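FYI, side chains are in, hydrogens and waters are out, and symmetry mates aren't considered; it's all heavy atoms of this structure. Remember, it's 1-based here, ligands and their atoms both numbered in the order they're listed. If you're wondering where the values come from, they're calculated on a predicted model, not measured in any experiment.
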Amino acid sequence: MKRILILHTGGTFGMVPMEPDEILVPGNLQSEWLNQVPEIAGLAEIDVEIPYNMDSSNVSTGEWNTLVKTLEAKMDNYDGFVIIHGTDTMAYTASALSFSMLNLSKPLILTGAQRPLARLRSDARGNLIDAIEIATMNIPEVAIVFGQSVLRGNRAVKNSISSYDAFVSVNYPLLGRIGLNVDLYRRNMLRPEGALRVLPGFSDEVMPIYLFPGSDPRLYDPLLNSRVKAFLLIGFGAGNIPENDKNWLPFIRGAGEKNKAVFISSSSLHGKVDLELYAGAREALRAGAVGTRGMTKEAALTKLMKLCAHYDSAELIREHFCRDWAGEIEP
Ligand code: ASP
């Protein structure tokens with residue numbers, strides 16, 4: 001039988017309603033939920049650890065560092081890992097782990113639930129069983145198993161607050177579907193080359209800026225004198241930005257002069273950023289901005305958080321960002 005380590009980190013999965021107004025709070029899990037899903041004992045030899053237990057909106061770089069350290073220490077002792085996590089920031093954590101554990105040779109599966117395990121019609125039980133079964137299979141990457149889909153972690157985005165099909169895979173096909181049978185699409189999976197490489201650390205010196213019609217770049221000028229090392233401008237459509245009186249080019253040029261890297265993503269979910277397509281974006285490209293191509297914003301931000309922890313030079317941050325690390329960007 002395969003050996004699986006479950007790391008319970010919190011989220012709705014194990015939450016319980018608290019009196020007087022039934023607000024959902026993290027429950028006292030270990031004792032409760034294992035008993036509620038006894039059938040998982042038939043899937044694998046399972047150990048459970050609770051590195052922390054919180055609503056995932058509280059997850060920060062410290063929690064990611066804890067996860068990376070725990071996984072690294074236990075990597076040789078288990079065949080696969082399941083991380084139970086809140087859905088709100090699951091895509092960020094999946095991306096962060098994929099950039100921290102390169103050349104992974106074992107499945108590292110994140111799952112959670114939209115409705116607590118203790119509630120009727122909960123999706124927690126099914127998601128957990130699916131995640132454990134997938135973790136016993138040969139999947140050499142960080143994946144999210146949720147709503148009967150297997151998604152590459154750094155391509156996933158939470159796109160529904162209410163549907164049991166909460167995640168969508170952006171600009172990349174699924175790794176598998178779980179129905180009557182488990183169908184895995186091996187051609188879509190990573191092929192690790194070489195030994196596991198653990199890259200610790202994350203920096204918060206990253207700043208996303210969401211552009212909207214009428215957004216005034218001058219309001220953001222103070223950030224050019226801050227400790228931010230990399231900006232992620234979230235532009236329109238293919239990554240376009242305005243070139244009228246609310247022109248972002250001086251901001252982009254100013255960032256370059258201060259050794260800060262500028263990346264351009266899109267407010268649209270699907271499709272690829274192409275800064276050559278329209279005049280505004282093309283000028284930004286000439287001014288040194290880099291398009292994030294088909295990457296999710298979650299993947300782009302966590303990759304920048306990783307890069308900013310290791311580099312001060314805008315040029316090196318740009319150069320390493322454009323390389324594919326774990327299937328997050330098309331080569
Ligand atoms: N607020 C919860 C969390 O992310 C939502 C969930 O788990 O679905 O922790």
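Contacts of ligand 1 (protein heavy-atom distance under 4.0 Å) are Gly11, Thr12, Asp55, Ser56, Gly86, Thr87, Asp88, Ala113, Gln114.
Counting only N and O atoms by type, the side chains of Tyr78 and Asp47 include a donor and acceptor under 3.5 Å apart. With hydrogens and angles left out, the side-chain atoms of Asp165 and Ser163 include no donor and acceptor closer than 3.5 Å. Using a 3.5 Å distance cut-off with no hydrogens or angles, the side chains of Thr87 and Lys158 do pair a donor with an acceptor.
A salt bridge links Arg155 with Glu330: the closest approach of a Lys/Arg side-chain nitrogen to an acidic carboxylate oxygen falls below 4.0 angstrom.
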Which pairs of donor and acceptor atoms, one on a side chain in residues 207-220, lie under 3.5 Å apart (sequence neighbours left out)?
unit_1	atom_1	unit_2	atom_2	d
Ser215	OG	Phe212	N	3.3
Ser215	OG	Phe212	O	2.9
Asp216	OD1	Arg218	N	3.0
Asp216	OD1	Arg218	NE	3.1
Asp216	OD1	Arg218	NH2	3.4

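Phe251 and Phe231 have perpendicular rings, their planes meeting at more than 60° on a 0 to 90° scale where under 30° would count as parallel.
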